[in-house]
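Quick notes on the structure that follows.
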Amino acid sequence: MRPLPRAAACGVLLALLGLSCFASRHDWSPVAGLRSVTPRAVSGDEPHYLLVANLILAGHLTSGDAYDRVLAGKSDQMGQNARGHLYDHHTIVVDPKSGRRALWADAYDRTRSVQCGPGCVRYRRKVGYEWIGPGAVELPAHPIAFPLLLAAGLWPFAGDPSGIELRAIDLVLFLSWLGVVATWLAARRAGLSPGEALAAAALLGAASPWLPYSRSLFSETSAGLFLALAAWALASRQALLCGLAVVAAAAIKPALGVVALGLFCALLLERRRRDALVLAAVSALGGAALVACNLWLAGVPVIGGAKGYVVAQGGSGVGSSVADALVSQTHGLLLFAPWTALALIGMVLAFRRQPQPGAPVALVRALALGSASYLAVLLSSAFASGGFAYGPRQLVPLLPWLALAAVGTVAGRGRAWRGALLVLGLAGAAIAVPSALRYASLFNQPVVAAWKN
C-alpha cells in the first residue's frame, strides 16, 4: 500500500505544475472567455528585473542607454510590452569622479518629465543633485541575486535575445513549482501524513497568490522557494543547510535575512543550542558576504530596491501598514488567501503549554518566530503593501511557511478544523485561479476584480 501515496503525490504535484503552465499561457474574462496568450512582463519591478538579467547576459551591469533604447522602441530588454514607454530608472546613480551616489528615485522627480535629446534623463532632477553629470553611471537598485539566477538559467539562450522574456517567465514558473515541491517535502519531514503534506502543497500552489506570481517576473516566489527549503532543513535538523537557505532568500530580498533571528530563538527554545549556533554563524557569515558584495558592486552595504527602506510614519504608520498588509481590499493577505487565518491562529496556539498531539509543533513555532521577525521589519516600512503589484506581494515569500502552519494546525484536530481548512482553501482557489488567468489586469485591484469585467 505504500507506493500508492507516492504515486498520488507525484500526480498531485504534476497537476499543480500543469495548472501553473495553463494559467501562464491563457487569459480569461467574463466577457471574452478563455484565450491563449504569450506571457509577458507586466509592470512594477518586472521589466527592471528583466533588464538587469539581460545586462548580465550581455556581460555588464550598467544601464547605459538601455532606458532610452526601450523608449525609442529599439530594445526588448525590458520586455515587448515596454517598447515605446518612458520608465523611471530603478538604479543607483554613481559619479565615478567623486564617488557620490544616490538612488535615482531620490535624485529625480518622476512626476515631472521633460523633453530632451538622446542620452539625457527625461525627468526633472531635484535640487541638491547637481553633481549628477553626463559621466554618471547607473547600477541596479534591486538586489542582484534574482536577475543573476535568471541569467544563469537563461545562459544557454543568450544568443536569442527575442526569446529571453518568455524563457525568463517559464524559469520563474519552474522555480515556483519547486517551491511547492519543497513545501511538500518539508511537511513530510515534519511528520505530517501524505495527505496533509499534499494539502499544504495544494494550498500554496492552487489556493494562494503564489499561483498568479508563478507566471510573473517578480522575485517573491524564488525567495519563497528558499524559505521552503529552510523549513525542510529545519525539520531535517540540518542547521547548516537551513542557514544557507535563509542567506539565499536574503540575497533575493534583504529583509528576509531577519528570519534567521526568529529561527535562532526557536532553536534555543527547543534546547538545540548547537544547531542555533550553527544557524547564527552561517547567517552572520552569509550576511557579511552579501554586504561585501553590495559594497563591491555599488558602494552601499544594502541594495534594497528602487526606493530603499522608508520607515512608516504619520498617516502611513505601523497600524496602517498592518491593515494594508492583512485586510486591505487591494493587498490584504487574509482576503487573497483566506486560509492563512488558520495559519496565524496556529502559530499562536503552538506556544501553548500543552500542544495539540500529532501537530508539528516545533516547526510551527519556528516558522512563527521567523515570520514575526520579517513582519516586524516589513510592517515598520512605508511599503508594506508591495507597491504597484498584484495582491500581498511582500508576503508571498512567507506563503510556504503559512501553508505548513495552516495544515500543521489542523493536524490532529477535529472535523470542524478540517472543514474550516477545506472551505477556506476552496475560497482561496476560487480567488487564485481566476486571478492567475487575469494577472496582467489586476495590479492594485480589489480581490473581487478577478471576477468582474
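Start at 1 with the first residue, then count along the sequence.
Looking at Ser328, its side chain does come within 3.5 Å of a backbone N or O of Gly332 through a donor-acceptor pair. Here the side chain of His331 pairs no donor or acceptor atom with the backbone of Pro392 at under 3.5 angstrom. Looking at Glu46, its side chain does come within 3.5 Å of a backbone N or O of Val42 through a donor-acceptor pair. Listed for the Asp106 side chain is no donor-acceptor partner under 3.5 Å among the backbone atoms of Ala102. The backbone N or O of Leu279 lies less than 3.5 Å from a partner atom in the side chain of Ser283, making a donor-acceptor pair. Without hydrogens or angle criteria, Arg124 side chain to Arg110 main chain gives no donor-acceptor distance under 3.5 Å. A donor-acceptor pair under 3.5 Å is absent between the side-chain atoms of Ser63 and the main chain of Ala66, judged by distance alone. Checked by atom type and distance alone, the side chain of Trp401 pairs as donor or acceptor with a backbone atom of Leu227 at under 3.5 Å. In this structure, the side chain of Arg215 engages the main chain of Ala436 through a donor-acceptor pair within 3.5 Å. For Asn444 (side chain) and Ala389 (main-chain N/O), a donor-acceptor pair under 3.5 Å exists by modelled atom type.
Nearest heavy-atom pair across Leu225 and Ala182 is CD1-CB, 4.4 Å. Summarising the geometry of Trp155 relative to Ile56, their closest heavy-atom pair is CZ3-O, 4.4 Å, with the distance given to 0.1 Å. The nearest pair of heavy atoms linking Ala231 to Leu404 is CB-CD1, 3.8 Å. Minimum interatomic distance between Leu395 and Ala325 (heavy atoms only, all atoms of both residues): CD1-O, 3.7 Å. The two atoms that bring Trp232 and Leu241 nearest to each other are CZ3-CD1, 4.0 Å, heavy atoms only. The nearest pair of heavy atoms linking Ala248 to Phe226 is CB-CD2, 3.5 Å.
Here the CG-OH distance, from Leu261 to Tyr374, works out to 15.5 Å after rounding to the nearest 0.5 Å. Here the CZ atom belonging to Arg40 is positioned 7.0 Å from the CG atom belonging to Asn81, to the nearest 0.5 angstrom. Here Thr340 contributes atom OG1 and Leu335 contributes atom CG; the two are 9.0 Å apart, rounded to the nearest 0.5 Å. Distance CG/Leu175 to CG/Leu149: 5.5 Å, rounded to 0.5 Å. Distance check, rounded to the nearest 0.5 Å: CD1 of Ile252 to CZ of Phe146 gives 7.5 Å. Once rounded to the nearest 0.5 Å, the distance linking OG of Ser36 with CZ of Phe22 reads 7.5 Å.
Applying the side-chain hydrogen bond (donor to acceptor under 3.5 Å, both in side chains) test to Arg101 and every residue at least two apart in sequence or in another chain returns nothing.
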Could you walk me through whether Leu61 and Leu297 pass side chain to side chain contact (heavy atoms under 4.5 Å, CB included), step by step?
CA-CA 9 Å; Leu61 279 177; Leu297 285 173; 3.5 Å; yes
Apply side chain to side chain contact (heavy atoms under 4.5 Å, CB included) to the pair Leu402 and Met347, showing each step before the final yes or no.
CA-CA 9 Å; Leu402 293 172; Met347 287 179 169; 3.8 Å; yes
Verdict with supporting geometry, Leu150 and Val52, side chain to side chain contact (heavy atoms under 4.5 Å, CB included):
CA-CA 10 Å; Leu150 293 181; Val52 178; over 6 Å; no
Taking it one step at a time, do Gln445 and Thr330 satisfy side chain to side chain contact (heavy atoms under 4.5 Å, CB included)?
CA-CA 5 Å; Gln445 293 298 310; Thr330 55; 5.8 Å; no
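In summary, the aromatic rings of Phe218 and Tyr390 are positioned with their centroids too far apart to meet the 6.0 Å limit. For Phe388 and Phe443, the gap between ring centers is short of 6.0 Å. Ring pair His48/Tyr87: centre-to-centre distance below 6.0 Å.
Taking the side chain as every heavy atom from C-beta outward, Pro140 and Thr91 never approach each other to under 4.5 Å. When side chains are defined from C-beta on, Thr62 does not count as touching Glu138, because their heavy atoms never get closer than 4.5 Å. Annotation: side chain of Trp177 is not in contact with side chain of Ser214 (no heavy-atom distance under 4.5 Å). The closest side-chain heavy-atom distance from Val94 to Ile92 is below 4.5 Å. Using a 4.5 Å cut-off on side-chain heavy atoms (C-beta onward), Pro301 and Leu295 make contact. Counting heavy atoms from C-beta outward, Leu86 and Arg122 have side chains that approach closer than 4.5 Å. At a threshold of 4.5 Å between non-hydrogen side-chain atoms, the residues Asn54 and Ile164 count as touching. Side-chain contact check for Met78 versus Arg83: every heavy-atom pair is 4.5 Å or farther apart.
With salt bridges taken as basic N to acidic carboxylate O contacts below 4.0 Å, one links Glu220 and Lys253. Asp45 and Arg393 are joined by a salt bridge, as a carboxylate oxygen and a charged side-chain nitrogen come within less than 4.0 angstrom of each other. Lys74 and Asp68 are not joined by a salt bridge, as no carboxylate oxygen comes within less than 4.0 angstrom of a charged side-chain nitrogen. At a threshold of 4.0 Å, the pair Asp109-Lys126 does not count as salt-bridged, since none of the basic side-chain nitrogens sits closer than that to a carboxylate oxygen.
Side-chain contact check for Ser29 and Asp27: no donor-acceptor pair (N or O, by modelled atom type) lies under 3.5 Å.
Paired with Tyr123 under the rule ring-ring contact (aromatic ring centres under 6.0 Å, His included), one option of Tyr67, Trp104, Tyr108 passes, and it is Trp104.
For Arg189, the CZ atom sits in a loose shell: 12 or fewer heavy atoms of surrounding residues, nucleotides or ligands are nearer than 6.0 Å. Atom CZ of Arg25 sits in a crowded spot, with more than 12 heavy atoms from other residues, nucleotides or ligands closer than 6.0 Å.
Relative ring orientation between His142 and His90 is described as tilted, the plane-to-plane angle lying within the 30° to 60° band.
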For residues 201-211, which side-chain N or O atoms pair as donor and acceptor with protein atoms under 3.5 Å away, sequence neighbours left out?
residue	atom	partner	partner atom	Å
Ser208	OG	Leu204	O	2.8
Ser208	OG	Trp210	N	3.1
Trp210	NE1	Ser176	O	3.0

